[in-house]
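Counting starts at 1 for both ligands and their atoms, following the listed order.
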Amino acid sequence: MVETYVFGHKSPDSDTITSSIVMAYLENEMGNSEAKAYRLGNINKETEFILNYLGIDAPELLESIEDGADVILVDHNSPAESIDNLENANILKVVDHHKLVLETSYPLFLRFEPVGCTETILCKLYEENGVEITKEIATLMLSAIISDTLLLKSPTTTEDDKVAVKKLSQIAEVDAEEYGLEMLKAGTDLSSFSIEEILSLDAKQIDFKDVKSIVNQVNTADISEVMVMKDELEDGMNKIIEEEGLDLFMLLITDIVNSNSQVIALGNSAGLVEKAYNVILKDNTVLLEGVVSRKKQVVPIMTENA
Ligand code: MN
Ligand code: MN
């Protein structure tokens, strides 16, 4: 049988990595295809914590695929965030919780739900198809939901995510609060990363109408610990702005304990941040109270004001 590549987005987060593993397992259990999970970039510290906790290896790095290869996309559907030659692939399925942008010239299986995490949808797919959620699978799913919803505190959180967390923590036999905080904190350890790596860890290219932007989000348990690097971060951001011809680079430093984000905004369109949030940037930075979700609290409001 031909192998099916299962992968999430570039700059992989915990949802992308765990969903690739969980989706590949589901495909194999259902006998649909010989599916294998891959990743499109380096594993972050939080995902490393999850994989170490379970004692499992990270999926193999995928640099390119052959034309006509069968692929399944999870946790993304935008070609810009996917493998470079996606247009030549044969996309079999997409399971995602982001805005639909993908267009194909052929029919395919799509499962999109406006929930907090891809794993919440996968949890339903296991149930619908009568596939047993093992302790390991439950831990992967649970970890990703905690990650994407910041322990169910992000405004992206839905009732379905809460139901899934309750059920999965029982199967995984973990205390979601305790395990989740430990996992999120592991993800905030930036000590081994260079400035360039920090600026690309969770960077997304998003255009707010004509404003060509990158929005990068870094989680922390203490904003001041990241702000000590402000000068170096700004140098790095300015370099990327120049190289990529950007109008705006927004760095969100998100306090996962208190649910706020300090934003550093650079570029000719930095004023858009002031307009969108009715704030004034001082030394290129300001605290955005209660803002933790790029998808719900940044993209719509920035687009609206652009
Ligand atoms: Mn993701
Ligand atoms: Mn996700």
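- A306 is linked by a side chain to side chain contact (heavy atoms under 4.5 Å, CB included) to F208, K209, V211, L272, counting only residues two or more places apart in sequence or in another chain.
- The Mn ion (ligand 1) has no N, O or S atom of H76 closer than 2.8 Å.
- Minimum interatomic distance between A89 and Y106 (heavy atoms only, all atoms of both residues): O-OH, 3.5 Å.
- Each of T120, T18, D160 was compared with I145 under the side-chain contact (heavy atoms from CB on, under 4.5 Å) criterion, and only T120 meets it.
- Taking a 6.0 Å sphere around NZ of K185, one finds it holds 12 or fewer heavy atoms contributed by other residues, nucleotides or ligands.
- Tested against L40 for a side-chain contact (heavy atoms from CB on, under 4.5 Å), the candidates L61, I17, I83, T16 yield a single pass: I83.
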Would you please test T149 and S154 for side-chain hydrogen bond (donor to acceptor under 3.5 Å, both in side chains) and show each step? CA-CA 5 Å; T149 66; S154 164; over 6 Å; no
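- Excluding water, every protein N/O/S atom under 2.8 Å from the Mn ion (ligand 2) is given here by residue and atom: D15 OD2, D75 OD1, H97 NE2, D148 OD2.
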